[in-house]
Undergrad: 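One structure, pasted below without further comment.
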There are 2 protein chains.
Amino acid sequence: MAHSHDVPADLTRNQGLVMGALNHSVGPLSAYDILDKLRADGLRAPLQVYRALDKLVERGLAHRLESLNAFVACADEHCHRKGLIAFAICEGCGKVDEFADAVIEERLGDWAQAKGFKVERTTMEIRGKCEVCVAQAA
Amino acid sequence: MAHSHDVPADLTRNQGLVMGALNHSVGPLSAYDILDKLRADGLRAPLQVYRALDKLVERGLAHRLESLNAFVACADEHCHRKGLIAFAICEGCGKVDEFADAVIEERLGDWAQAKGFKVERTTMEIRGKCEVCVAQAA
DNA sequence: TTCAATACGTTATAGCATAACATCGCCGCA
DNA sequence: TGCGGCGATGTTATGCTATAACGTATTGAA
C-alpha cells in the first residue's frame, strides 16, 4: 500500500515526480525502476532521477538502501528523524521497516570516541523475513 | 600494510588467489580491482572473481562492504567471529576497522523479536574519518 | 541588468554483477 | 576399472547501477 506523505511544496518538478514514485511504492525502488515509472511524465535519462534522489536523500525525504542499491521514501510522516536509522528489509515481500534506537546510537558513539573516529554517516540494514512472510513459509 | 593471515589450505586455486589479493591490500578492493591484480595469474573474467568471493564470504574469510561495493579480508586472525560485525570505513585513507558489539546485537535481537522479524543477515557500516585522517585535516 | 547559483537535458561511458552453457577433475562406489 | 555425481572452472554475452562532461534554462539577489 502506498505511503501517505504530503510532498513538500518546494520540490522541483523532477524531485516531486521522484518523491511521488517512492511514496506510491510498497517497497524500495531502484533508480531505473523510478525512471521507468516516470517516462510517461517526460523523464528520459538516469541522471535526471539520480539528481533528484540526491536532493531527496540530502533532505531526509528518502533513504538509500545500500544493500539493495535502491531507495525508499522516509517513513517518518514529518521527517523529523535525526541520527542513525536502521532498516529491516523483508526478503519475502520487499517491505522495509524503519526504526531508530538510541542505545545503538550511543554504543556506536562510544566506540567512535574511543577510537577517535569521526562518524559522518551510518548504514544499518537487517535482511530477513517479516512476521507475515515467516508465517507463510511455515 | 598487508594483513598477515595464513590462507586455509583447502581453498581452491582461484579462491586462494583472491584471498591473497585481499590479504595484501591495505583497504577494500572491488571485484574488478581484484581481477586486475590477478590477470598475471591467469584470471580473465569477473565471474571467476565473484565466484571465489562468494565462497570466501560464505566461509567468513572475507566480508562484503555494501556501501562500497567492495570486499575486505576478515580482520579476525582465526575468523572466529560470530554474529553481527560492524565496519568503520575511513573516507580519507580507505582503511576499514572491524568490530563487534554485543549490546548492539542484543538491541537488534530485541527489536526483531518484538516485531516477529527473522534476521538473516545484518549490515552495519560507519563512514567517516579515522583518527589519523582527522588529525591531518586539522 | 548582470551575475551567481542551481536545476535541467542529453549523450556517452564507467563500474558492478550475473545468466547461460560447456568442460574439467575429483571422489565415491558398483 | 569404469560410471556418475558434484563442485569448480572457463568463456561469452548481457544486464543493472552510477557518473562524467557538456550545454542550456531558470531563478533570485545585488
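Chain naming here is simple, since letters A, B, ... match the order of the sequence lines and numbering starts at 1 in each. Treat the numbers as computed from the prediction; the structure is a model and nothing was measured.
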Undergrad: Go nucleotide by nucleotide along DNA chain C from the 5' end; which of A:Gly42 and B:Ser30 gets its closest nucleotide reached first?
TA: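 Going by which nucleotide is closer to the 5' end, it is A:Gly42.
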
Undergrad: Under a 3.5 Å threshold, yes or no: a donor from one side chain and an acceptor from the other, between A:Ser67 and A:Glu125?
TA: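 A pair is found: one side chain offers a donor N or O, the other an acceptor, under 3.5 Å apart.
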
Undergrad: Verify the contact: side-chain N or O of A:Gln48 to OP1 or OP2 of C:dG9, cut-off strictly under 4.0 Å; return yes or no.
TA: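 Looking at the OP1 and OP2 atoms of C:dG9, one of them is under 4.0 Å from a side-chain N or O of A:Gln48.
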
Undergrad: Would you mind reading off the distance between A:Leu38 atom CG and C:dG9 atom P, rounded to a whole angstrom?
TA: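 Distance, rounded to whole Å: 12 Å.
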
Undergrad: Which part of the nucleic acid, if any, lies within reach of A:Ala45 when heavy atoms closer than 4.0 Å are counted: base, sugar-phosphate only, or nothing?
TA: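 Contact class for A:Ala45: base.
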
Undergrad: How would you list, by chain and number, every residue that makes a ring pair (Phe, Tyr, Trp, His ring centres under 6.0 Å) with B:Phe71, sequence neighbours excluded?
TA: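 Ring pair (Phe, Tyr, Trp, His ring centres under 6.0 Å) check on B:Phe71 returns nothing, list empty.
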
Undergrad: Rounding to an integer number of Å, can you tell me how far B:Arg51 CZ sits from C:dC21 C1'?
TA: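 After rounding, the reported distance stands at 11 Å.
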
Undergrad: Taking only N and O in the side chain of B:Tyr50, is any of them less than 4.0 Å away from OP1 or OP2 of C:dT18?
TA: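 No.
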
Undergrad: Can a side chain N or O of A:Arg13 be found less than 4.0 Å away from OP1 or OP2 on C:dT6?
TA: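 Result: no.
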
Undergrad: Looking at A:Glu131, I want to see if its CD is surrounded by more than 12 non-hydrogen atoms of other residues, nucleotides or ligands under 6.0 Å.
TA: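 Atom CD in A:Glu131 is not packed in, count stays at 12 or less.
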
Undergrad: Hey, does the side chain of B:Arg44 come within less than 4.0 Å of D:dT11's phosphate (OP1/OP2), counting only N and O?
TA: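 Result: yes.
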
Undergrad: Ignoring backbone atoms, establish whether B:Thr12 has a side-chain N or O less than 4.0 Å from OP1 or OP2 of D:dG7.
TA: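 No, outside the criterion.
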
Undergrad: Can A:Tyr32 be said to stack with the base of D:dT17, given centres closer than 5.5 angstrom and planes under 30 degrees apart?
TA: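 By the stated criterion, A:Tyr32 and D:dT17 stack.
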
Undergrad: CG of A:Leu53 versus C1' of C:dA7: gap in Å, rounded?
TA: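 Interatomic distance, CG of A:Leu53 to C1' of C:dA7: 15 Å.
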
Undergrad: Let me know the distance between CG of A:Leu47 and P of C:dA12, rounded to the nearest Å.
TA: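 Result: 14 Å.
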
Undergrad: Calculate the interatomic distance between A:Asp54 atom CG and D:dT17 atom C1'; express it in whole Å.
TA: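 Value for this atom pair: 13 Å.
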
Undergrad: Quick one: B:Asn69 CG to D:dC16 P, roughly how many Å, whole number?
TA: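 Going from CG in B:Asn69 over to P in D:dC16 covers 16 Å.
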
Undergrad: Within this structure, what is the CD1-to-C1' distance between B:Ile34 and C:dC16, rounded to whole angstrom?
TA: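 To the nearest whole Å, that distance equals 12 Å.
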
Undergrad: On DNA chain D, check which nucleotide each of B:Leu43 and B:Pro46 is closest to and give me the residue with the more 5' one.
TA: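 It is B:Leu43, whose closest nucleotide lies nearer the 5' terminus.
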
Undergrad: Whether A:Asp10 and A:Arg59 form a salt bridge (side-chain N of Lys/Arg under 4.0 Å from carboxylate O of Asp/Glu) is what I want to check.
TA: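 Counted as a salt bridge, because a side-chain N and a carboxylate O are separated by less than 4.0 Å.
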
Undergrad: Heavy-atom count around A:Glu120 CD within 6.0 Å, excluding the residue itself: above 12?
TA: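 Above 12, so yes.
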
Undergrad: Measure from CD on B:Gln15 to P on D:dA8 and round the result to the nearest Å.
TA: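 The distance from CD of B:Gln15 to P of D:dA8 comes to 6 Å, rounded to the nearest Å.
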
